[in-house]
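Along the sequence shown, the residues carry numbers beginning at 1. All of these numbers come straight from a predicted model, not from anything done at the bench.
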Amino acid sequence: MAGDDAPHSRDDGEGAFCEADGTQRLLVKKPAVTSRRRLEIRRARAGGLAVKRTMDPVEGSNSSSPSDRDTEDGIVGILAAGGEIRGREGQGARLPCLSHGAVSLIGRRRVMEDTVAVAPGFAGGGGVPVYDFFGVYDGHGGARVAQACRERLHVVLAEEVAAGGWPRAEGRWREVMTASFSRVDGEVEAAAQGEAERTVGSTAVVAVVGTKRIVVANCGDSRAVLSRGGAAVPLSLDHKADRPDEMERVEAAGGRVINWDGYRVLGVLATSRSIGDCYLKPFVISEPDVTVTERTEKDEFLILASDGLWDVVSNEAACKIARQCLSGRMARMFPDAAVSGCTAAEAAALLAELAISRGSEDNISVVVVELKRLRGRTS
């Protein structure tokens with residue numbers, strides 16, 4: 001959460017996940033809980049474990065008191081997530097992705113400011129290309145802007161694409177993405193009530209996945225990484241305040257980047273681009289960087305995540321762990337570990353657990369999009 005100076009909860013925890021009512025949830029347990037209990041929760045299946053939830057990040061809860069978060073189960077954070085396994089290759093019309101999984105975890109923070117958006121088939125159909133939409137939004141100063149992005153960005157993007165006509169949209173994704181981010185930014189500013197709400201913002205990294213290409217737009221320090229033939233290929237570049245070109249842009253607009261507990265725009269915000277943050281304009285802008293990547297047969301999966309993951313896990317490590325999970329290798333190597341399957345939802349949960357174990361002190365949101373069935377994977 002760039003620029004957030006809220007106190008951190010220092011409680012260490014271990015990750016565990018279960019499946020209840022078709023929804024994956026990752027529970028961060030207090031150290032006092034035994035290893036056996038953690039393993040039982042991890043291995044539980046639908047209907048096998050009743051879990052008391054203290055907050056629901058999917059619905060956009062953005063605060064919780066210690067009494068709200070500490071239950072008899074020792075839960076200090078809850079992951080609410082979804083996943084979908086779609087038709088296999090060769091069955092019916094070709095789909096942009098085979099499956100996806102998304103997780104959003106409060107982690108060691110006192111408030112939840114991340115949100116995730118997943119909209120399969122959000123645009124297209126009826127003779128035009130079908131596209132899936134995935135987004136990760138990392139709020140700061142509150143969850144209001146991240147929630148607005150979750151509700152509106154894919155809707156606005158579909159409108160912008162349709163307005164220009166699909167045949168032309170393929171060649172003008174940069175224009176469409178920039179217009180969509182600008183519209184949502186304008187809506188956020190118009191809805192801000194009082195000075196306090198003008199200090200709320202959110203990063204945004206979104207991916208539009210089609211059968212032929214992947215379009216990524218990034219505004220802030222969340223990130224998208226593609227696994228291609230076992231190699232990690234970054235599809236976005238973080239907008240950090242100390243990035244030379246971003247520092248030059250801020251200074252050209254009349255602002256300053258100050259090294260105050262790290263490099264920050266006006267000594268406040270660690271990311272140089274975001275949606276919202278009206279009080280920092282024109283130094284902090286909502287214009288995204290956009291990449292259009294042609295898909296190849298080597299493309300395996302896509303990871304989108306907030307900096308709660310990327311601050312402690314490298315691109316290469318994240319892709320290696322997700323690949324081992326999706327291929328089924330991790331389940332075979334460690335039959336008693338947390339991962340008993342090889343779905344995109346489990347890969348996302350595993351990455352969130354890894355970030356927690358490596359000391360991430362931020363909210364953690366991860367989306368894994370499976371593009372290709374990996375060899376050795378079990379059905």
Side-chain angles (χ1 to χ4, degrees), residues 1-4 8 15 26 28 57 77 79 81 100-109 112-117 134-140 146 149 201-207 214 216-228 231-243 246 261-265 269-275 288-291 293 300-326 344 347-369:
M1 241 159 269
D4 187 359
H8 299 174
L26 184 71
V28 181
L79 168 76
H100 63 265
V103 302
S104 198
L105 175 66
I106 191 174
R108 295 183 172 92
R109 290 278 181 163
M112 183 62 187
E113 296 175 321
D114 279 12
T115 63
V116 170
F134 305 94
V136 171
Y137 310 110
D138 182 355
H140 45 264
C149 290
S202 177
T203 70
V205 60
V206 305
I214 300 170
V216 169
N218 179 58
C219 175
D221 55 7
S222 294
R223 190 181 306 166
V225 179
L226 172 70
S227 178
R228 172 173 284 175
V233 180
L235 300 187
S236 66
L237 187 62
D238 300 354
H239 291 123
K240 297 290 190 181
D242 61 347
R243 217 176 85 177
E246 286 297 287
D261 190 26
Y263 287 91
R264 300 170 181 267
V265 177
L269 196 63
T271 181
S272 56
R273 301 194 189 194
S274 70
I275 293 175
D289 284 338
V290 181
T291 61
T293 303
E300 298 165 339
F301 56 87
L302 178 68
I303 302 173
L304 283 76
S306 61
D307 63 347
L309 174 72
W310 302 119
D311 281 351
V312 294
V313 180
S314 69
N315 295 354
E316 293 74 18
C319 286
K320 181 178 180 180
I321 293 296
R323 195 170 194 269
Q324 289 178 338
C325 179
L326 290 171
L350 187 61
L351 289 173
E353 280 204 74
L354 177 61
I356 286 288
S357 70
R358 290 192 173 185
S360 177
E361 296 185 344
D362 208 342
N363 300 152
I364 303 163
S365 293
V366 184
V367 176
V368 175
V369 182

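To the nearest 0.5 Å, the span separating CG on Leu351 from CD on Glu353 amounts to 10.0 Å. Atoms CG and CG, on Leu309 and Asn363 in that order, are 13.0 Å from each other to the nearest 0.5 Å. Atoms CG and CG, from Asn218 and Asp238 in turn, are 7.0 Å apart once rounded to the nearest 0.5 Å. Taken from CG in Leu235 to CG in Asp289, the straight-line distance is 12.5 Å, to the nearest 0.5 Å. To the nearest 0.5 Å, atom OG1 of residue Thr271 and atom CZ of residue Arg243 are 9.5 Å apart. Going from atom CD1 of Ile303 over to atom SG of Cys319 covers 4.5 Å, rounded to the nearest 0.5 Å.
Of the possible donor and acceptor atoms, none in the side chain of Trp310 sits under 3.5 Å from a partner among the backbone N and O of Ser222. Arg358 contributes a side-chain N or O that, together with a main-chain N or O of Val312, makes up a donor-acceptor pair within less than 3.5 Å. When atom types are taken as modelled, the side chain of Ser274 and the backbone of Gly220 share no donor-acceptor pair closer than 3.5 angstrom.
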Next on the checklist: Assess the residue pair Ile356 and Arg108 against the criterion (side-chain contact (heavy atoms from CB on, under 4.5 Å)); give the C-alpha distance rounded to whole Å, side-chain angles, the decisive distance to 0.1 Å, and a yes or no.
Outcome noted: CA-CA 8 Å; Ile356 286 288; Arg108 295 183 172 92; 4.0 Å; yes
Item to check | side-chain contact (heavy atoms from CB on, under 4.5 Å) between Tyr137 and Ser365, intermediate numbers included | outcome: CA-CA 8 Å; Tyr137 310 110; Ser365 293; over 6 Å; no
Next on the checklist: Show, in sequence, the C-alpha distance, side-chain angles and deciding distance for Glu300 and Leu326, and conclude whether the side-chain contact (heavy atoms from CB on, under 4.5 Å) test is met.
Outcome noted: CA-CA 9 Å; Glu300 298 165 339; Leu326 290 171; over 6 Å; no
Item to check | Val216 vs Thr293, side-chain contact (heavy atoms from CB on, under 4.5 Å): CA-CA, chis, key distance, verdict | outcome: CA-CA 8 Å; Val216 169; Thr293 303; over 6 Å; no
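The two residues Ala352 and Val366 come nearest to each other via the heavy atoms N-CG2, 4.5 Å. Contact record, Glu113 with Ala146: O-CB, 3.4 Å, taken as the closest heavy-atom pair. Considering every non-hydrogen atom in both Asp362 and Gly308, the closest pair reads CB-CA, 3.8 Å. Closest non-hydrogen pair, Val367 versus Ala102, comes out as CG2-CB, 3.9 Å. Of all heavy-atom pairs between Gly101 and Ala348, the closest is O-CB, 3.9 Å.
For the pair Arg109/Asp114, no side-chain contact is recorded, criterion being any heavy-atom separation below 4.5 Å from C-beta on.
Remark: of the listed residues Thr203, Thr115, Ile364, Val205, Thr203 is the sole one forming a side-chain contact (heavy atoms from CB on, under 4.5 Å) with Asp138.
Between Arg223 and Asp307, none of the side-chain N atoms (NZ, or NE/NH1/NH2) sits under 4.0 Å from a carboxylate O, so this pair counts as no salt bridge.
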